[in-house]
Structures are given as C-alpha cells and as structure tokens.
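Notes follow once the structure below has been shown.
Chain letters run A, B, ... following the sequence lines, proteins first, then strands; residues in each count from 1.
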There are 2 protein chains.
Amino acid sequence: MTEKSEDKQENETPPQTTASLVDFVVDAIIDGVMHGRYVQGQRLIAADVAEEYNVSRAPVREALHMLAGEGVVELIANKGARIRRLSVDERIDFLEFTEAMCVLGVRLATSKMRDLSLRSTVVEQFEKIEDAYARRNASDFVNALYTYHIILNEISGNGFVEFFYRRPYIRFYTLLLAELVPGNHWDQYILNYRLIHETILSGDAHSAVIMFTSHIRWVLRNMRIDNE
Amino acid sequence: MTEKSEDKQENETPPQTTASLVDFVVDAIIDGVMHGRYVQGQRLIAADVAEEYNVSRAPVREALHMLAGEGVVELIANKGARIRRLSVDERIDFLEFTEAMCVLGVRLATSKMRDLSLRSTVVEQFEKIEDAYARRNASDFVNALYTYHIILNEISGNGFVEFFYRRPYIRFYTLLLAELVPGNHWDQYILNYRLIHETILSGDAHSAVIMFTSHIRWVLRNMRIDNE
DNA sequence: GAATAAAAAATTGTATACAAAAATGCATGA
DNA sequence: TCATGCATTTTTGTATACAATTTTTTATTC
C-alpha cells in the first residue's frame, strides 16, 4: 500500500481541462431539460441516451449519477433514471427556500450599489426584463429575471450564493415555478420588480430586502390560490 | 491489509429496492469523510477505492460522480477526484449561506411551538447540546447543534429546507466550520444558543430570527478575527 | 548537481461483455 | 373477460479490457 498523502499546497488549477464525455453528456441533458426536449418525469434510458450522443453507456451512467447528485435526475435502483418531477407543494417550498438565498444576495449586492460599473450591469439586465415584459415573452421574462438574480448574487461577493444559484437544478426548478405564476399576474409582477429594482439601486439594503420579501409573499399567496 | 470498517449502522431504507453498489460506495465515502478517514483535499483513486470495498471501478466512478454533483467531491478531467477543500473565505461564505437557510427553518419552526410533541423534541435535543457542552466534547457538541437544526428544519414543514440541510455536503461543510470557531469561544456560544432556544420555545418567530441572526453575526466576526 | 528528455508506470476515460433484475407479451385456464 | 403463470425482451448493474492521458522514474547532457 503506497499511501502517500502529499499535502502539496496545490493551487487550484484554472479550467484548462479537456472536457470529458461525461461533461458533454451532462451539458446535453441539462440543455435538453432547459429547452423542453426532456420533460419532468421523463425516463432516461441509458442505452438510448448513449446512442443519441454516440457514446457508450459508461459516461452516460456517470453523467446520470452526477445529475442525480445535483437533483436534476431521480435515480432508483434497478429501475433507472428520470427527470425529477416537483409537486406543487415542492415548488412552493422551493420558492420559499430560494427566497432565503436571494434575500442574502439582494442584501449584500444592494450595499455595493455605489460602484457604478456594478450598478450599470444591474440596470442593463433590468432593461432586458422590461423588454421581455413589453414583448410578453414568457420564456425570456423568466430567463431575464433569473439572470437578474444571478447578477445580484455575483455582485454579493458570497461565492456560495453565486455558486448555488448557478447550479442547473436551481435553474430548472425556477423554470418550473413559472408554470405556477400564470400570465394574468404579470402586471403586478413587473410593478413589484420595478420597486425592488429602484430600492436596490438606492443602496438601502434593509428596504430592498423588505421589498423583495413582500414580493415573494405575494407570489406565494397567488400560487396557493391558483393551485387550490 | 487495511482495516475495513463494517458499516452495520445501516441507514434507513425507505423503498424496497436493493441498494446498489453505487449506493454502498457513496455511503462508505460519506462515512469516511464524516469520521475523518478521508480528509479534505485527499485524492481518491478509483482503483484503490474499488479494491478497498471489493467492487469494480465502474460503481466507484459512478459514486464519485454522484458525490461530485453533491459537492463533496471535486472532479477534474483526466486528473481524478479529491475530497473538496474549502478555503477560509469559502467557509465564511458557506456560514452566511446556511444562515439564510436556517433562518427560514427557525422562523417556520418557531411558529409551530405550541404543538407540545414538537416542542418536547426540540427541548430534548437541546439537552444533548447542553450535555456535550458540560462534557466539553467538541465532536458531540457540533453534532448536537447540527441535529438541533435538522429538527427545526424538519418541523418547519418546508420539505426543501429539510431535504437540503440533510444533504451530506451540508453536514460536511458544517463540520469544517467547527475548525474556525475554537474552544475558547464555547462559553459565549452556549450562552447565545440558550437565548435562541428560549426564544424559539416562546413561539415568537420574529425575535427568534433576530436572536439567531445576531448569533451568526457574532460567529462571523470571531471567524474573521481568528483567521486574519 | 541541476535541467531536460525519454521511457516506464500509474491512473483516468471509454467501450464492451455478461449477469441480474424488471418489464413485456402471450398463451392458458377459470 | 380477465386473471395467472411462464417465456421473451428490455434495461440495469457490474466487471473487465483497452486506449488516452498524466505522473513518475530513469538516463543524459551541460
């Protein structure tokens, strides 16, 4: 047994890695989930996926396990893999959960709004939200909102919030939430977000958190009403 | 040659499914991480792990990918797997991040403290914290605190908070946090938690959140001071 | 002796073979 | 008609072989 635990202060290698087939398949499946090629609950047969991407089953299985660890795929022993399905209750819980995460992002980011370059990034992204709203494009709207929070979480400076909010399953579940907040609430939605956005720009972290929190409360109320 | 730790401590088996070797290896690695057999940054060579558990490399690789998806293991293409290492900054970010999660748990759980059976579960767990404190047992203390929050998050009724806080990587990172809050802060730590606990029992969710939040702020301050 | 290049070993990545389990289909009998 | 049991097919789980890559060792030169 050659057990050598050399604790070289190995500096974390920057992403100069050659992507493996596993990474390729993971990305392909994520992409499929995001673009609706795979729907929630859909079964993923390893051999079929392998054939589709011209690889063997080994990297596909590894990709499925990775995605299962993430929470995008559900894996049952001897039964195979399927895209995870979230019940209405689970989606509500998820919204409550991500709210907590985004509140942190909003709070930290707001207190950094004096930095003009950060500020303009936020402003630009909000224009994309407005644009999607003007065009009544649901998919763009949801994506723009998601990216808006991505940016806030990046600005926050907390690597964990940023990292987590970027993870595919978060984005996937966020996408599912959109189904629960139908179109006839859009007008209120954008009004809320205009207020949140203005408060964030003002640099008043405390108020921004309150604005954002009450928006989520409003969403939760409507979700429950619409799905009862 | 190496001593194999028999995992008779069989975890709960929800479905009737026969656990696969992947599940077995995942559990074994998690167990190893929790009990210090694997340290952070340590490399995991697939062939060695396979030999250790008398399985082939295939399920080991799948297990490593699953754990990579979870965030316990870091996987670099063509370079292999190692137990994820968190820098001091990352740990601080992580604490801020989990704070947000636990605040939600504390808030929701507190408002349910009129239910006597729930209440007694919380009280009993707090006694274990006090016990570990009295015995000055660091490992028990951290574990008891972790379990205390597990219970609160369970009681919260939000399936996501509960699910999330139970995930191995959360527990692993929480364990790492313990290194940053050394023994000489214990007395203040338990004083803070007594206050938090009492406020939770009072049923005043708003105050409980404030108590908990200011405790975390205190921890963060000490972390930064101790590690500068 | 240190730096460099070539060779060897170790390790990872991928494909495939086969066994085990589950799903499917079909015939039979009430 | 419908349930039941059995054979077939599909799919998953595991082991292994081999190719590609990285790491280590050795040899060579200055």
Side-chain angles (χ1 to χ4, degrees), chain A residues 1-29 32 38 41-69 72-84, chain B residues 1-2 4 7 11 13-29 32 38 41-69 72-85:
Chain A
M1 275 286 205
T2 46
E3 164 57 24
K4 45 168 66 177
S5 58
E6 293 255 291
D7 247 34
K8 297 271 201 183
Q9 194 66 2
E10 219 40 89
N11 32 12
E12 38 216 301
T13 13
Q16 51 136 8
T17 54
T18 313
S20 65
L21 290 188
V22 176
D23 294 330
F24 172 72
V25 173
V26 165
D27 288 348
I29 293 176
Y38 301 126
Q42 180 172 335
R43 189 165 173 201
L44 294 175
I45 293 167
D48 293 353
V49 177
E51 194 186 13
E52 182 170 3
Y53 299 116
N54 285 309
V55 297
S56 75
R57 276 176 53 220
V60 171
R61 282 180 59 86
E62 287 166 8
L64 289 175
H65 279 85
M66 189 151 207
L67 290 167
V72 173
V73 155
E74 202 172 6
L75 220 49
I76 300 174
N78 291 315
K79 298 244 173 159
R82 41 184 75 233
I83 305 296
R84 184 162 168 195
Chain B
M1 274 304 205
T2 32
K4 239 179 279 180
D7 271 286
N11 34 11
T13 330
Q16 75 293 351
T17 54
T18 314
S20 65
L21 290 187
V22 177
D23 294 330
F24 172 71
V25 173
V26 166
D27 289 347
I29 293 177
Y38 300 127
Q42 179 172 337
R43 190 166 172 200
L44 294 175
I45 294 168
D48 292 354
V49 177
E51 194 187 13
E52 182 169 3
Y53 300 116
N54 285 308
V55 298
S56 75
R57 275 176 54 221
V60 170
R61 283 181 58 87
E62 287 165 9
L64 289 175
H65 278 85
M66 191 152 206
L67 290 168
V72 173
V73 156
E74 204 172 4
L75 220 49
I76 300 175
N78 290 317
K79 299 245 171 158
R82 41 183 75 232
I83 304 296
R84 186 163 167 195
R85 154 179 283 151

Who are the side chain to side chain contact (heavy atoms under 4.5 Å, CB included) partners of A:Gln42, not counting sequence neighbours? A:Tyr38, A:Val39, A:Ile83

Could you tell me how far apart A:Ile45 (CD1) and D:dG13 (P) are, to the nearest whole angstrom? 12 Å

Residues of residues 57-66 of chain A with any non-hydrogen atom less than 4.0 angstrom from an atom of DNA chain D: list those, numerically ordered, please. A:Arg57, A:Arg61

Heavy-atom closest pair, residues B:Leu21 and B:Pro59: CB-CB, 4.0 Å

Residues 43-54 of chain A vs salt bridge (charged side-chain N to carboxylate O under 4.0 Å, His left out), sequence neighbours excluded, gives none

What is the distance, to the nearest angstrom, from the CG atom on B:Asp48 to the C1' atom on C:dA9? 14 Å

Length of the CD-P vector between A:Glu51 and C:dA15, whole Å: 13 Å

Round to a whole Å and report the spacing from CG of B:Asn54 to P of D:dA15. 9 Å

May I have the distance from B:Leu21 (atom CG) to C:dA19 (atom P), rounded to whole angstrom? 17 Å

Can you name the side chain to side chain contact (heavy atoms under 4.5 Å, CB included) partners of B:Ala46, sequence neighbours left out? B:Arg57, B:Val60, B:Arg61

In whole angstrom, give the distance that lies between atom CZ of B:Arg43 and atom C1' of C:dT11. 7 Å

Quick one: side-chain hydrogen bond (donor to acceptor under 3.5 Å, both in side chains) partners of A:Arg84, sequence neighbours excluded? A:Tyr173

Which of C:dT14, C:dG13, D:dG13 is nearest the side chain of B:Ala77? It is C:dG13

Please name all residues satisfying side chain to side chain contact (heavy atoms under 4.5 Å, CB included) with B:Ala68, sequence neighbours left out, ordered by chain then number. A:Met66, B:Val73, B:Leu75

Look at A:Ser56 and C:dA15 and indicate whether a side-chain polar atom (N or O) is within less than 4.0 Å of OP1 or OP2. yes

Gap between atoms NZ and C1', on A:Lys79 and D:dT12 respectively (whole Å): 12 Å

Could you state the CG-C1' distance from A:Asn78 to C:dA21, rounded to the nearest angstrom? 6 Å

